[in-house]
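Written below as structure tokens is the structure these notes are about.
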Number of protein chains: 2
Amino acid sequence: MQAKNGISKKERILDAAEQLFARHGYDGVTLRKIATEAGVDVALANYHIGNKRELFEAVFVRRAELLNQYRAEALTLCEENAGADGPTVEQIIEAFLRPLEMAQETGDDGWQHYLALVAYVNNSPVWGKELMSRHFDKLIKRFIKALRKALPNATDKQLFWCYNYLSGALTLTFAQTGRIDKLSRNACKSSDFQAAYNHMIPFVAGGFRSVCGEQG
Amino acid sequence: MQAKNGISKKERILDAAEQLFARHGYDGVTLRKIATEAGVDVALANYHIGNKRELFEAVFVRRAELLNQYRAEALTLCEENAGADGPTVEQIIEAFLRPLEMAQETGDDGWQHYLALVAYVNNSPVWGKELMSRHFDKLIKRFIKALRKALPNATDKQLFWCYNYLSGALTLTFAQTGRIDKLSRNACKSSDFQAAYNHMIPFVAGGFRSVCGEQG
DNA sequence: TGAATTATTCAACAAATGATGAAATTATCG
DNA sequence: CGATAATTTCATCATTTGTTGAATAATTCA
């Protein structure tokens, strides 16, 4: 049952839920607000997807695989282009971040909302651990493996703490609170993803090098 | 009307609210849960503090000034101990972070809950901008000023973006989701604040240096 | 003590919430 | 077409929510 404009009501529900959950969190959103935003009856979400929790997870899952795919391709590409020593820290971090920037910069607002949702989940004591792990850990371990090769002196403890800081920096950038705009008196704009990622790559790479020591 | 054990019911309400808001967010907590946790009637929060929103802000405000004071003292101290060139990036970052570590490591769980609440607020698109700015911007600008002196080649844009990454890394550490434990197969423990901050200082300092360039 | 102030509890309200069967509508396809 | 299935709407339920006015208890202090 496909609508004429190509967007089914089920997708409209997921889009509306994505935006609202990202902005207000799980408990800050009611099924009625989602339905209203989607222009749909309240009962329809239940018919197509299930209860509220299942709706939340459906939204989270929807783009997760695609995102992993983008990142995996970027990592594979930079590994193929590198010599026998493998890619540099900068190249690995870039492969980790650029797909996100590109997703956020498509005209589609959906990716912006989705990544803000990931930020919410990543920071949530309740959802954070299980949901993030289930969908993203596998690929992250591939990135860590590449970093371990680029930083042969690093211990696992150092690598994973550094990844944690990277994850936090990224998350706050996703969250798009607009706080940095105000603090910097508009020297930085949180909507300027290009600037956010351009600065982030050397920051994070420098951080990894500083903690884990140069190779040799 | 002070209780015999020294903890008034008003304080018990604030403590319970602090813990629950930090864990479940504003909308994930009901006044009844707070009251139950505090061992108090539902109506009492309203009598002592006001409505739900005012309760949330009261919790947020309670420790904000004290936290600013700790950080300000640390910065002043490291500036006094430094030469005419001022403190190094590492010293400034350390002054920014150590008071948080110390607060989290007091036996009192309250500071842990409070900093998790700050993490929630900092990442929240709704609360993030206004509430954080109102209470923390002034002191943060003092820190930025010190960093500007330590990194004379840096532009404001670079400095504030780097601060943003620092803030994000810090926030995720506060949030205590336990995710890093699982990801690293217990090489890192999110409850180990000492390790979290020990690694974070060189990471962030290295990041600043890498983005803003060494001086000279 | 006893009156007055403060603190706490009780009871109840209207509004909103997630959920779900039953009814109505629309699509599918032999 | 006509019947079977998929989709969408409608009406309604029991709970839960934030809030408040009145009643009760505890404290203060003259």
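The shown structure was predicted, so the numbers you read here are calculated from the model rather than taken from an experiment. Chain letters run A, B, ... following the sequence lines, proteins first and then strands; every chain starts at 1.
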Nucleotide N/O of nucleotides 10-16 of chain D paired with protein N/O under 3.5 Å:
none

How sharply is the helix from C/dT1-D/dA30 to C/dG30-D/dC1 bent, taking the axes over five pairs at either end and rounding to 10 degrees?
->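 Axis angle across the helix from C/dT1-D/dA30 to C/dG30-D/dC1, nearest 10°: 10°.
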Does the side chain of A/Thr177 come under 3.5 Å of the side chain of B/Asn123 through a donor N or O and an acceptor N or O?
->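 The criterion, which ignores hydrogens and geometry beyond distance, is not satisfied for B/Asn123 and A/Thr177.
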Establish, from distance only, whether the side-chain atoms of B/Arg179 and A/Ser124 form a donor-acceptor pair under 3.5 Å.
->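 No.
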Taking the six-membered ring where the residue is Trp, are the ring centres of B/Tyr120 and B/Phe21 under 6.0 Å apart?
->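 No.
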Centroid separation B/Phe203 to A/Trp161 less than 6.0 Å |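 For B/Phe203 and A/Trp161, the ring centres are not under 6.0 Å apart.
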Reckon A/Lys9 has a side-chain N or O less than 4.0 Å from the OP1 or OP2 of D/dA6?
->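 Answer no for this pair, as no side-chain N or O of A/Lys9 is under 4.0 Å from OP1 or OP2.
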Are any of A/Lys33's side-chain N or O atoms less than 4.0 Å away from OP1 or OP2 of C/dA16?
->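 No, A/Lys33 has no side-chain N/O under 4.0 Å of OP1/OP2 on C/dA16.
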Any residue of residues 44-54 of chain B with a heavy atom less than 4.0 Å from an atom of DNA chain D = B/Asn46, B/Asn51, B/Lys52
Send over the distance from B/Glu11 CD to C/dT8 C1', rounded to a whole Å.
->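 From B/Glu11 CD to C/dT8 C1': 17 Å.
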Starting at CD1 of A/Ile34 and ending at C1' of C/dA16, how long is that distance when rounded to a whole Å?
->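 So the two atoms are 15 Å apart, to the nearest Å.
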Which of these passes side-chain hydrogen bond (donor to acceptor under 3.5 Å, both in side chains) with A/Ser8: A/Glu11, A/Lys10, A/Arg12?
->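 Only one of A/Glu11, A/Lys10, A/Arg12 forms a side-chain hydrogen bond (donor to acceptor under 3.5 Å, both in side chains) with A/Ser8, namely A/Glu11.
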Pick the nucleotide of DNA chain C nearest each of A/Leu31 and B/Val40; which residue has the one closer to the 5' end?
->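 The answer here is B/Val40.
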Which residues pass the side-chain contact (heavy atoms from CB on, under 4.5 Å) test with A/Asn198, sequence neighbours left out?
-> A/Arg98, A/Gln194
Can you establish whether the number of heavy atoms outside A/Lys129 located under 6.0 Å from its atom NZ is more than 12?
-> no
Within a radius of less than 6.0 Å around NZ of A/Lys138, do more than 12 heavy atoms belonging to other residues, nucleotides or ligands occur?
->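 Atom NZ in A/Lys138 is not packed in, count stays at 12 or less.
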B/Glu73: salt bridge (Lys or Arg N to Asp or Glu O under 4.0 Å) partners, not counting sequence neighbours | none
Distance under 6.0 Å and angle within 45° of the ring axis: does B/Arg62 meet both against B/Tyr114?
->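 No, a cation-pi geometry is absent between B/Arg62 and B/Tyr114.
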Side-chain donor-acceptor distances from residues 25-32 of chain A under 3.5 Å, at least two apart:
from: A/Tyr26; atom 1: OH; to: A/Arg53; atom 2: N; distance (Å): 3.3
from: A/Thr30; atom 1: OG1; to: A/Lys33; atom 2: N; distance (Å): 3.1

